[in-house]
Each structure stands twice: as structure tokens, then as C-alpha cells.
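I have placed the structure first, in the form of C-alpha cells, so that the comments after it can refer back to it.
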Amino acid sequence: MTHLSSSFLEDNYLKIKEDSISGRWITLSDIEPLYFGLQNSEIQTKIIGESEEGRAIYQLKLGKGKKRILIWSQMHGNESTGTKAVFDFLNFIQRFATHEITKSILSNCSITIIPMLNPDGAQAYTRVNANNVDLNRDAVELEAKESKFLRSILEEVNPQFCFNLHDQRTIFGVEGTKNPATISFLAPSEEEKRTITEGRKETMNVIVAMNDLLQEIIPNHVGRYTDEFYSTATGDNFQKLGHNTILIEAGHFPNDYDREEVRKFNFYALLQGIYHISSEENFKEFEKYLAIPNNIKNFYDVIYRSKNNKKDVAYQYVESIENDKFALVLTKEKEGELSMYLAHKEFIKNS
């Protein structure tokens, strides 16, 4: 497997980062100027349709290679870390145009990106679209306009690999450690038995390459998401249709509720995955994927610890938009003996 240099990425990230977008609430009005800024580049920009409320859904295309890749982000409107990582990736392609990494990607791959599939949900900061449809559970019924657009692009592009970019809650940790799951991966199942098919092996192979890089930078902060089969889920259905689909879940990193550190790790994983696809012909090695620790629900945001843990109190942040600004509101979740749980912040109660 061909790996990127972690020191090269760390040394150059500030040159790559798209500074005009940051934080958790990313809307179409935030990223639309970035589309316009691409008009004189080799990255093709096109509006493929409108959301249920009439907001534009954009498609970007780059590269001229035979290996076809489809990437989408913010199918859940309140999951924006992947969108930030996508624009960091586009900056890398433009600012390091003569680098061997970029040359390999653009000469060997044809990449199609939908950076914000659900602009209505993004505006309202909701998981669902304007008609209360979860696009990630709409792969069979195709009830939503946005789901239909994604399926039509899938059929048009006929990708060999897909990247499905999501965010996960702060409740997840890495099994066997005391660390939050900062990035989690999944090679989706194709049916209830979770058979490791040839397509899943190829998906796992790309994830192994991404995980190997992240272990150099954030060791023991990477989890493996459950591969329980969901018959209506996008990734499961695309994998079943023969399009190897890599799920990236951006999670929590210490003191990073804005997910600005996490976007960096998300970008590193995305770039490594695409570069690996561009430079490899054999995607058969997959066993190391199975050694990635499980994602487990073992974190709260805050725990106030009591004597002997008998009256611990756990709190979780609830995300919302208040007065046109993103807000985190701490709410009580659980009380009692919580010694089996961890927290991103812990305090000792006086009594």
C-alpha cells in the first residue's frame, strides 16, 4: 500500500485549509462563493437540481482517469465536517497541482463530488430534509428529490468507489481505549448475514490505507462502525449494487466541539483514500480492517463524579440554532452509578 507522508500533511495543512468555512453550522450560502471561485479552474462546477425548498445542489468534477469515484457530504444537513474536508481536498488539488499526489489522482481518477446533498437540512441544521425524510434511509423508496438526484448521479457515473461522509455524535469511543472515536470507518454490509464479499474486501482495503495513515497522527482514536445491515440505507444499497462505498464518520477530538481538528483528520483520510485508489491496482488485502477496534457508546460530554460513583450525574450537549447562531446546550442525561462511562470533561462533586 502507498501511504502519504504524515509530516508532509501536517507541515502544509494551514496552506490547504479552506479558512472561509468553519464551525458546525455550514449552509449553502457559506459554500456557494467557493463554487464560484472554482469557475476558472480545472474543476467543473454544475447545478444538478434543486432541493425540496428550491436551493441549488451542486456537482463538481475533476480528473480524467479510468477509476471513477463518487463523493457526497451533508446528506444529513447537520453533519458538516465532511463538507469542510471536501473543500480542503479541493484546495490541495489546486495549490499542489504539480505534486505527484495530485498528478496521480487526476491522471488515474475521474472524481464526482456533491459537497452538500441536503441544503435545506443544512440551513435548518437538521438531519432530515425539508419534508422530514432521512436521505440515508431513502435509498429504496427514493421519496426525496435529493435522493433521486444522488441515485441519478450514481447511475451516470457508475463509480467503482464511493465516499459517504457523515458526522457521528460525541457519545462514541474506541473499544479497548479511553479515547473518543475521532474518525470511524465502515465497509457496509450487502445483506443481513454481513458476508465479506469481494466488493467489501476492496472497500476494506481502502479503509486499511486510511487507517494506517491516521494511526501515525491520532493513534488509537479510530473506530470501526457497526456493519449491521440496513435495508434502506444508502451505503448498504450502493455496496449491494456493486459500488464499493466507504463510510467516514467524523467524531470528537478533545476540546474540539467545532470539529476543526477533526476536519483535518477527515481530509487526511479522504486524500489518502483517493490517492490509494489512484495508485493501486490490487485491492485484495483487507484483514487489517477487521482489527480496527469497534466504535462503542461509552462517552458523555460531562460527568460530575460523586464519592464511590454512586450518584454520578452525566450531561450531554444538545446542538441547536438560536438567534441565528449555533449553540450547545448542556442537558442532564443520566444519574447513578456511572463508573463504566467516560466523559470528555469530568468534575468531582463536593458532596
Side-chain angles (χ1 to χ4, degrees), residues 16-39 41-51 53-63 68-95 105 109-127 129 135-136 144-154 156-157 159 161-167 234-235 238 245-250 259-260 262-264 266-271 273-274:
I16 297 163
K17 182 180 180 182
E18 179 49 63
D19 290 319
S20 69
I21 52 174
S22 62
R24 299 289 291 278
W25 189 27
I26 304 296
T27 67
L28 179 61
S29 61
D30 295 318
I31 64 173
E32 205 158 33
L34 299 176
Y35 294 130
F36 301 147
L38 294 172
Q39 289 180 348
S41 72
E42 294 186 4
I43 301 170
Q44 301 172 23
T45 306
K46 175 184 176 182
I47 295 176
I48 59 172
E50 292 184 344
S51 66
E53 292 185 336
R55 293 183 175 88
I57 299 175
Y58 283 81
Q59 170 190 279
L60 306 175
K61 281 185 172 288
L62 60 153
R68 300 176 304 280
I69 298 172
L70 175 62
I71 303 167
W72 65 93
S73 182
Q74 265 180 289
M75 70 185 316
H76 292 149
N78 59 352
E79 298 178 6
S80 61
T81 307
T83 303
K84 294 186 289 186
V86 161
F87 283 100
D88 292 345
F89 168 73
L90 295 173
N91 281 352
F92 178 90
I93 293 297
Q94 293 179 95
R95 296 173 188 178
I105 290 172
C109 299
S110 294
I111 303 172
T112 302
I113 306 174
I114 305 174
M116 184 179 284
L117 181 64
N118 182 7
D120 297 343
Q123 184 63 42
Y125 200 76
T126 59
R127 177 183 176 93
N129 80 342
L135 304 184
N136 201 33
K145 289 175 67 174
E146 299 90 348
S147 302
K148 292 183 177 74
F149 289 137
L150 181 61
R151 178 57 66 90
S152 67
I153 296 301
L154 180 82
E156 175 188 321
V157 173
F161 288 95
C162 300
F163 288 86
N164 184 8
L165 307 182
H166 287 266
D167 279 47
T234 301
F238 285 12
T245 302
I246 298 143
L247 180 74
I248 303 179
E249 294 270 359
R259 299 201 171 170
E260 288 301 295
V262 177
R263 76 181 281 179
K264 177 174 71 172
N266 197 333
F267 157 65
Y268 291 171
L270 183 63
L271 182 64
I274 295 170

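Reckoned from all heavy atoms, side chains included, excluding hydrogens, waters and symmetry mates. Here the structure is a predicted model, which means the values were calculated and not measured.
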Q: Might you work through the side-chain contact (heavy atoms from CB on, under 4.5 Å) test for Trp25 and Asp30, ending with a clear yes or no?
A: CA-CA 9 Å; Trp25 189 27; Asp30 295 318; 5.9 Å; no
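- Here the closest non-hydrogen pair linking Pro115 and Thr83 is O-OG1, 3.1 Å.
- Arg259 places a side-chain N or O within 3.5 Å of a backbone atom of Ala250 that can act as its donor or acceptor partner.
- A distance of 15.0 Å separates CZ of Arg151 from CD of Glu146, quoted to the nearest 0.5 Å.
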Q: Begin with the C-alpha distance, continue with both residues' side-chain angles, and end with the deciding distance and a verdict on side-chain contact (heavy atoms from CB on, under 4.5 Å) for Asn136 and His76.
A: CA-CA 8 Å; Asn136 201 33; His76 292 149; 3.4 Å; yes
**Q.** Derivation and outcome, side-chain contact (heavy atoms from CB on, under 4.5 Å), residues Tyr35 and Ile47
**A.** CA-CA 10 Å; Tyr35 294 130; Ile47 295 176; over 6 Å; no
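- One distance of note links CG of Leu117 with OG of Ser147; it measures 7.0 Å at 0.5 Å rounding.
- Of the candidates Ile16, Ile113, Asn266, Phe89 forms a side chain to side chain contact (heavy atoms under 4.5 Å, CB included) with just one, namely Ile113.
- Atom NZ of Lys148 sits in a crowded spot, with more than 12 heavy atoms from other residues, nucleotides or ligands closer than 6.0 Å.
- Minimum heavy-atom separation, Glu50 to Phe149: O-CE1, 3.2 Å.
- Gln74 contributes no side-chain N or O that, together with a main-chain N or O of Met116, makes up a donor-acceptor pair within less than 3.5 Å.
- Here Thr112 contributes atom OG1 and Lys46 contributes atom NZ; the two are 10.0 Å apart, rounded to the nearest 0.5 Å.
- Counting all heavy atoms, side chain and backbone alike, Ala56 lies closest to Pro119 at O-CG, 3.9 Å.
- Glu260 approaches Ser22 most closely through the heavy-atom pair OE2-CA, 3.4 Å.
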**Q.** Check against side-chain contact (heavy atoms from CB on, under 4.5 Å), Lys84 and Phe267
**A.** CA-CA 8 Å; Lys84 294 186 289 186; Phe267 157 65; over 6 Å; no
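- Under 3.5 Å, the side chains of Asn164 and Thr245 contain no donor-acceptor pair of N or O atoms.
- Between the side chains of Ser51 and Asp120, at least one donor N or O sits under 3.5 Å from an acceptor N or O.
- Residues that satisfy the salt bridge (Lys or Arg N to Asp or Glu O under 4.0 Å) test with Asp88, not counting sequence neighbours, are Arg263.
- The CD atom of Gln123 sits 11.5 Å away from the CD1 atom of Ile26 when rounded to the nearest 0.5 Å.
- Under the 4.5 Å side-chain criterion, counting only non-hydrogen atoms from C-beta, Leu135 is not in contact with Leu150.
- The residue from Leu60, Leu165, Ile248 that alone fulfils the side chain to side chain contact (heavy atoms under 4.5 Å, CB included) condition with Ile71 is Leu165.
- Counting only distance, with no hydrogens or angles, the side chain of Ser80 and the backbone of Arg24 share a donor-acceptor pair below 3.5 Å.
- Considering NZ of Lys17 and CG of Asn91, their distance stands at 11.5 Å, rounded to 0.5 Å.
- Within a 6.0 Å sphere centred on CD of Glu156, other residues, nucleotides and ligands contribute more than 12 heavy atoms.
- Between Trp72 and Phe238, the two ring planes are perpendicular [angle over 60°; tilted spans 30° to 60°].
- Here CD1 of Ile274 is found 7.5 Å from SG of Cys109. Values are rounded to the nearest 0.5 Å.
- Taking the side chain as every heavy atom from C-beta outward, Val157 and Lys61 approach each other to under 4.5 Å.
- Looking at heavy atoms from C-beta onward, Ile43 lies in side-chain contact with Gln94 at the 4.5 angstrom threshold.
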